[in-house]
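In what follows, chains are A, B, ... by sequence order, proteins preceding strands, each numbered from 1. Quick note: numbers below take in every heavy atom, side chains included, and nothing from hydrogens, waters or symmetry partners.
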Number of protein chains: 2
Amino acid sequence: MARVGLTPERLARAGAELADEVGFDQVTVSALARRFDVKAASLYAHVRSSQDLRTRIALLALEELADRAADALAGRAGKDALTALANVYRDYAREHPGRYAAAQLRLDPETAAASAGVRHAQMTRALLRGYALTEPDQTHAVRLLGSVFHGYVSLELAGGFSHSAPDSQQSWTRVLDALDALLRNWPAPTAP
Amino acid sequence: MARVGLTPERLARAGAELADEVGFDQVTVSALARRFDVKAASLYAHVRSSQDLRTRIALLALEELADRAADALAGRAGKDALTALANVYRDYAREHPGRYAAAQLRLDPETAAASAGVRHAQMTRALLRGYALTEPDQTHAVRLLGSVFHGYVSLELAGGFSHSAPDSQQSWTRVLDALDALLRNWPAPTAP
DNA sequence: TGCATCTTCCTACAGGCTATAGGCAAATAT
DNA sequence: ATATTTGCCTATAGCCTGTAGGAAGATGCA
């Protein structure tokens with residue numbers, strides 16, 4: 001009986017590739033087993049469940065994304081950094097739609113806390129040091145940026161911006177212009 | 001044999017309720033059949049497939065959301081309208097997480113074109129008439145608003161903003177302040 | 001080298017979901 | 001009252017998840 005040499009890590013990597021090819025929610029233990037030419041039951045020696053497999057793929061994706069983001073931010077500041085970080089998310093989603101979808105998987109709190117997700121928040125916060133924001137406003141801005149990046153990328157990926165002029169790239173550029181302007185000129189709270 | 005009186009519409013409505021209770025991706029033909037105390041095969045007389053069922057739920061949710069949005073926008077303009085529309089999305093997602101998730105289902109182009117999705121875009125565009133934006137900028141702004149609303153709501157729903165100060169409601173308010181300021185002061189494109 | 005042990009992958013199986021085919025009974029039309 | 005349509009049924013096949021227990025390859029140690 002030839003041994004294929006399965007490990008949780010190899011399964012996660014192969015699962016990530018599979019996700020990019022067929023979509024994250026089409027990633028099943030069965031399909032992954034077929035890819036290794038192995039029976040599905042064999043995989044359960046390495047992953048606890050289908051959910052466990054998906055979680056590992058999600059963690060892999062979050063890690064990859066955080067690495068790319070750290071790379072992109074190195075040596076940049078201000079709008080340059082903003083654009084670089086934003087493009088990391090957008091490009092990753094376009095190159096690896098399945099992995100990007102995986103990164104959105106809802107993790108239980110302790111898994112999330114131990115994931116690369118926290119690095120993402122830290123990097124966004126670091127980016128904002130290039131803008132003059134008070135502490136609570138920094139948090140609001142972190143949340144806004146996360147929302148725009150995630151929202152834009154997922155709407156674009158869902159096809160929301162295709163088949164209508166102007167093309168999505170132009171809107172993306174202008175949205176980043178707008179965000180930069182907003183951060184440089186962050187408004188005071190309105191009177192309640 | 002007692003007849004239950006199933007119709008595609010009733011199935012979609014019950015499916016929407018089920019989605020809110022157990023999550024949209026836990027909505028199955030089987031589970032829905034159990035809810036009507038009927039065999040799963042019977043449902044296939046009314047919906048073509050599991051995917052068809054999900055699509056009907058998605059269309060229902062889009063419609064409900066559009067109705068609420070139209071209601072909220074009536075008689076409002078400017079920031080008042082912006083806030084009202086934004087809160088429609090956020091409140092709907094909190095009240096009906098399953099339906100909200102359904103509304104994100106990727107529809108094939110012709111289904112999407114015939115859905116209430118187009119009303120959403122129209123309403124956002126109408127809202128922007130309260131701000132002085134040139135035509136192409138209006139499109140960029142529509143996309144930005146869509147991104148922020150969807151991004152914020154889905155990150156919040158995924159638990160991204162819980163367990164950290166300040167609370168999400170404050171960020172939401174400040175994000176809307178910021179968007180209003182941005183729309184009132186939309187920047188010209190930066191030099192390429 | 002020889003043997004014990006552990007690991008890896010196997011077969012077998014149970015349970016759940018999707019989907020189709022064909023049947024019987026209730027509702028409706030004539 | 002009878003004929004037709006409609007609604008829900010049983011039966012069945014295929015695929016996926018997950019568990020249990022078995023057999024062959026890898027590893028370690030005398």
OP1 or OP2 of [N] versus the side-chain N and O atoms of [X]: is any pair under 4.0 Å?
X	N	result
B:His46	D:dT6	no
B:Arg34	C:dG16	no
A:Ser42	C:dT8	no
B:Arg3	D:dC9	no

Task: Passing option when A:Tyr100 is tested against A:Glu95, A:Arg94, A:His150 for side-chain hydrogen bond (donor to acceptor under 3.5 Å, both in side chains) - done: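 Output: one option passes, namely A:His150.
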Can you identify which nucleotide, out of [options], has its nearest atom closest to the [X] side chain?
X	options	result
B:Val38	D:dC8, C:dC17, D:dG18	D:dC8
B:Ser30	C:dA19, C:dC10, C:dC17	C:dC17
B:Ala41	C:dT11, D:dG7, D:dA11	D:dA11

Rounded to whole Å, how long is the line connecting atom [atom1] of [X] with atom [atom2] of [N]?
X	N	atom1	atom2	result
A:Leu43	D:dC16	CG	C1'	12 Å
B:Phe36	D:dC9	CZ	C1'	17 Å
B:Gln51	C:dC17	CD	P	18 Å

Task: Charged N-O contact under 4.0 Å between B:Arg56 and B:Glu9 - done: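 Looking at B:Glu9 together with B:Arg56, the answer is no, because their closest N to O distance does not fall below 4.0 Å.
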TODO: Run the salt-bridge test on B:Arg68 and B:Glu63 with the 4.0 Å N-O cut-off and return the result as yes or no.
DONE: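 Salt bridge between B:Arg68 and B:Glu63, a charged N being under 4.0 Å from a carboxylate O: no.
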- [ ] Quick one: label B:Thr28 by what it contacts on the DNA or RNA (base, sugar-phosphate, nothing), any heavy atom closer than 4.0 Å.
- [x]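 If one applies the 4.0 Å heavy-atom cut-off, B:Thr28 turns out to touch the sugar-phosphate alone, with no base involved.
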Open item on the list: Check whether A:Asp177 reaches the backbone of B:Pro189 with its side chain - one donor and one acceptor, N or O, closer than 3.5 Å.
Closed with: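 No; zero donor-acceptor contacts below 3.5 Å.
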